[in-house]
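Notes follow once the structure below has been shown.
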Amino acid sequence: MPTTINPIKGTRDYYPEDMAVRTLLYQTAREVSESFGYQEIDGPFLESIDLYAAKSGEELVKDQSFVFEDRGGDLITLRPELTPSLARMVAQRQKQLVYPMRWWSWGPFWRYERPQKGRSREFFQWNIDLIGVDSPEADAELIALAASFLRETGLTPNQVQVLVNNRRLMDTELLALDIPAEKRLQVFRLIDRRDKMSPVNWDAYAVEVGLTSRQLYGLKSMLVDEGLWHKSSELERTFQVIEALGVGDYVRFAPHVIRGLDYYTGTVFEVWDLDGEFRSILGGGRYDSLVEAVGGDPLPAVGFAMGGSVISLVLKKYDCLPADEAIINAPVLMTVFSQELLPASFKLATELRSSGFNVVCYPIAAKLGKQFKFGDRMGMRVALILGPDELSQNHVAVKDLLSGEQQSMPIAEVAEFIWGLTGNTC
RNA sequence: GUGGAUGUAGCUCAAUGGUAGAGCGCCUGACUGUGGAUCAGGUGGUUGAGGGUUCGACCCCCUUCAUCCACCCCA
């Protein structure tokens with residue numbers, strides 16, 4: 001094999017079967033987003049590094065971005081996330097946009113990290129945000145969007161769940177344990193790591209953070225209290241609306257979900273595979289200060305992001321992806337009987353395309369067996385044969401590649417016949 | 001950035017330091033107007049790359065590259 005240039009670390013090639021998955025995710029995200037009236041947007045893939053400076057001290061920019069100098073000497077980065085671009089788009093037209101505003105986006109992002117399961121350096125992400133309204137019902141809408149997406153892909157409530165918590169509720173509860181406000185973010189971080197550490201190490205970490213044994217005990221009881229959300233009127237309203245939106249079976253309260261990012265201000269949520277085999281599928285929450293932080297007027301917002309990698313793994317695990325055989329989008333194979341009859345085959349293929357079929361023409365007059373094998377391996381549904389016998393009667397032979405049954409019929413009837421076959425399977 | 005594994009045929013994997021193999025796939029034929037099944041035959045490799053030790057290296061040592069996993073962080 002001649003020397004090949006490997007793909008850049010952390011990137012991947014999308015072969016047809018991979019592309020089919022990516023397209024499926026995009027189309028599902030689109031359907032779900034649009035069903036709630038969200039509009040599609042996008043920002044540039046290249047941004048100035050300054051755009052991300054507003055979120056000061058961000059590891060995301062410092063260590064995890066692809067940064068390079070352009071020919072004019074400016075520092076350019078491949079966007080590591082959408083939110084700053086989105087915040088800028090809002091700030092630029094803040095006075096003329098219509099609120100509440102519902103935007104969604106799907107596109108590539110880049111982060112310079114060590115690749116591993118469910119994480120690469122180039123990845124696709126669904127972003128969706130409801131901007132300009134601060135209500136528990138808005139939070140519920142985003143949670144319902146996430147749940148609707150899961151349902152749309154075929155995942156069940158036994159396989160995946162949206163886990164919901166609220167940072168203001170946690171603030172109140174921490175204060176009740178006499179945990180001072182300045183320790184809040186540290187304790188949030190402690191909570192975030194609950195499932196990632198052994199109980200012993202976690203206890204040690206808690207002591208390190210400065211919790212007393214009484215506080216630690218209180219925190220532990222808090223984290224297993226599934227009824228804690230009744231203390232939050234916000235969450236009570238949110239959960240009530242989630243029921244009304246018909247996705248209650250996909251959603252539950254989870255006091256240990258807190259999110260790593262500091263900018264969340266209220267309700268937060270994540271989607272998890274219930275086996276815990278993968279990292280989180282999706283994450284989001286309310287962030288009421290972010291637009292202001294990038295130079296706009298204060299504007300409340302709630303949203304989430306879902307990367308394409310983990311959800312693909314989850315869908316594969318639960319057999320929610322189309323079979324390889326179903327990937328070909330041309331169900332009809334037009335075979336070529338002989339060099340002399342090739343034009344007749346191509347002509348019939350053209351007529352069928354005009355009728356709305358996707359038709360593959362075999363490009364040479366190979367042995368019919370070889371042509372059928374090709375159609376079979378490509379997952380095609382029917383093969384058409386135009387030989388001397390058929391042509392003499394103005395017929396065409398139609399072979400069902402699944403059953404193997406074949407029949408000859410007038411050319412004028414073939415379109416309707418194929419509709420009958422493919423219509424049932426698509 | 002830290003730590004741990006793994007690189008052998010197109011794919012999944014074998015092979016005490018002593019002639020690199022199997023299954024699947026692929027090609028051809030049995031089948032001159034017909035795929036999947038079966039059978040027969042065939043194609044298959046600079047053992048990731050480079051160096052070292054050895055009479056002899058897929059195997060041991062060093063370097064390097066790649067991939068995977070965990071940490072970190074997050075989608």
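Labels below follow one simple rule: chain letters A, B, ... track the order of the sequence lines, proteins then strands, and each chain is numbered from 1.
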**Fill in**
Per atom distances to the A:R259 side chain, the nearest of B:U34, B:C71, B:A75 is B:A75

**Prompt:** If you look at every strand shown and take non-hydrogen atoms under 4.0 Å, does A:Q406 touch a base, only sugar-phosphate, or nothing?
**Reply:** base

**Item:** Sugar-phosphate only, base, or nothing, as touched by A:S338 at under 4.0 Å among non-hydrogen atoms
**Value:** nothing

**Prompt:** Rounded to the nearest Å, what distance is computed from the NZ atom of residue A:K9 to the C1' atom of nucleotide B:C69?
**Reply:** 13 Å

**Fill in**
Quick tally for nucleotides 37-43 of chain B: nucleotides whose base has a protein heavy atom under 4.0 Å get B, sugar-phosphate-only ones S, the rest -, giving -------

**Request:** Can you figure out which of B:A75, B:G36, B:G1 approaches the side chain of A:S309 most closely?
**Result:** B:A75

**Message:** For A:W110 and A:F123, I'd like to know if the aromatic rings sit close, meaning centre-to-centre distance below 6.0 Å.
**Reply:** no

**Request:** Answer with base, sugar-phosphate or nothing: what part of the nucleic acid does A:G404 contact at a heavy-atom distance below 4.0 Å?
**Result:** base

**Prompt:** Any donor-acceptor pair under 3.5 Å joining the side chain of A:E270 to the base of B:A75?
**Reply:** no

**Fill in**
Expected string for nucleotides 23-31 of chain B under the B/S/- scheme (protein heavy atoms, under 4.0 Å, primed atoms plus P, OP1, OP2 as sugar-phosphate) is ---SS-S--

**Asked** Checking all strands, does A:D192 fall into the base, sugar-phosphate, or nothing category for heavy-atom contacts under 4.0 angstrom?
**Response** nothing

**Request:** Could you tell me how the ring of A:W229 sits relative to the ring of A:F253: parallel (under 30°), tilted (30 to 60°) or perpendicular (over 60°)?
**Result:** tilted

**Request:** Figure out the CD/P separation between A:E113 and B:U67, and round it to whole Å.
**Result:** 15 Å

**Request:** Find out whether the Lys NZ or Arg CZ of A:R151 is both under 6.0 angstrom from the six-membered ring centre of A:Y250 and within 45° of the ring's axis.
**Result:** no

**Request:** Would you indicate what A:F109 reaches in the nucleic acid, counting non-hydrogen atoms under 4.0 angstrom: base, sugar-phosphate, or nothing?
**Result:** nothing

**Message:** Considering every strand and a 4.0 Å limit on heavy-atom distances, what is the contact class for A:I311: base, sugar-phosphate, or nothing?
**Reply:** nothing

**Request:** Would you mind classifying the nucleic acid contact of A:D389 as base, sugar-phosphate or nothing, using non-hydrogen atoms under 4.0 angstrom?
**Result:** base

**Interatomic distance, A:L386 CG vs B:U34 C1' [rounded to whole Å]** = 15 Å

**Request:** Report yes or no: is the cationic atom of A:R194 (NZ for Lys, CZ for Arg) under 6.0 Å from the centre of the six-membered ring of A:W202, at an angle within 45° of the ring normal?
**Result:** yes

**Message:** Does A:E390 contact B:G33 through a side-chain donor or acceptor facing the base, at a distance under 3.5 Å?
**Reply:** yes

**Item:** For atom CZ of A:F337 and atom P of B:U34, their distance in whole Å
**Value:** 9 Å

**Prompt:** Reckon A:Q116 has a side-chain N or O less than 4.0 Å from the OP1 or OP2 of B:C68?
**Reply:** no

**Request:** May I ask you to check if A:R121 and A:Y112 form a cation-pi contact, with NZ or CZ under 6.0 angstrom from the six-membered ring centre and within 45° of the axis?
**Result:** yes

**Request:** Using a heavy-atom cut-off of under 4.0 Å over every strand shown, decide if A:G369 touches base, sugar-phosphate, or nothing.
**Result:** sugar-phosphate

**Request:** Would you mind reporting whether A:L142 and A:L145 have side-chain heavy atoms less than 4.5 Å apart?
**Result:** yes

**Complementary nucleotide of B:U64, counting Watson-Crick and G-U pairs under 3.5 Å** = B:G48

**Prompt:** What integer distance in Å separates A:Y362:OH from B:G33:C1'?
**Reply:** 16 Å

**Prompt:** Is there a Watson-Crick or G-U wobble partner for B:U34 with both distances under 3.5 Å, and which nucleotide is it?
**Reply:** none

**Prompt:** Counting any heavy atom closer than 4.0 Å, what does A:T335 reach on the DNA or RNA strands: base, sugar-phosphate only, or nothing?
**Reply:** nothing

**Prompt:** When you match A:L282 and A:Y112 each to their closest nucleotide on RNA chain B, which lands nearer the 5' end?
**Reply:** A:Y112

**Item:** Lys/Arg N to Asp/Glu carboxylate O, A:R88 vs A:E47, below 4.0 Å
**Value:** yes

**Message:** Here's a test of your reading of the structure: between A:G10 and A:G283, which maps to the more 5' nucleotide of RNA chain B?
**Reply:** A:G10

**Request:** Compare the aromatic ring of A:F123 with the six-membered base ring of B:A75 and state whether they stack according to the 5.5 Å and 30° rule.
**Result:** yes

**Asked** Is it the case that A:R167 places NZ or CZ above or below the six-membered ring of A:Y264, under 6.0 angstrom from the centre and within 45 degrees of the axis?
**Response** no

**Prompt:** Would A:K317 and A:E277 pass as an ion pair if we require N to O under 4.0 Å?
**Reply:** yes

**Whole angstrom value for the distance that separates P of B:G33 from CD of A:Q407** = 22 Å

**Message:** For a quick check, tell me whether the side chain of A:R279 and the base of B:A75 share a donor-acceptor pair closer than 3.5 Å.
**Reply:** no

**Request:** Mind telling me whether A:Y26 and A:W106 have parallel, tilted or perpendicular rings, with 30° and 60° as the class edges?
**Result:** tilted

**Asked** So does A:D18 pair up with A:R12, basic N to acidic O under 4.0 Å?
**Response** yes

**Fill in**
Considering only heavy side-chain atoms of A:L368, the closest of B:C71, B:U34, B:A75 is B:U34

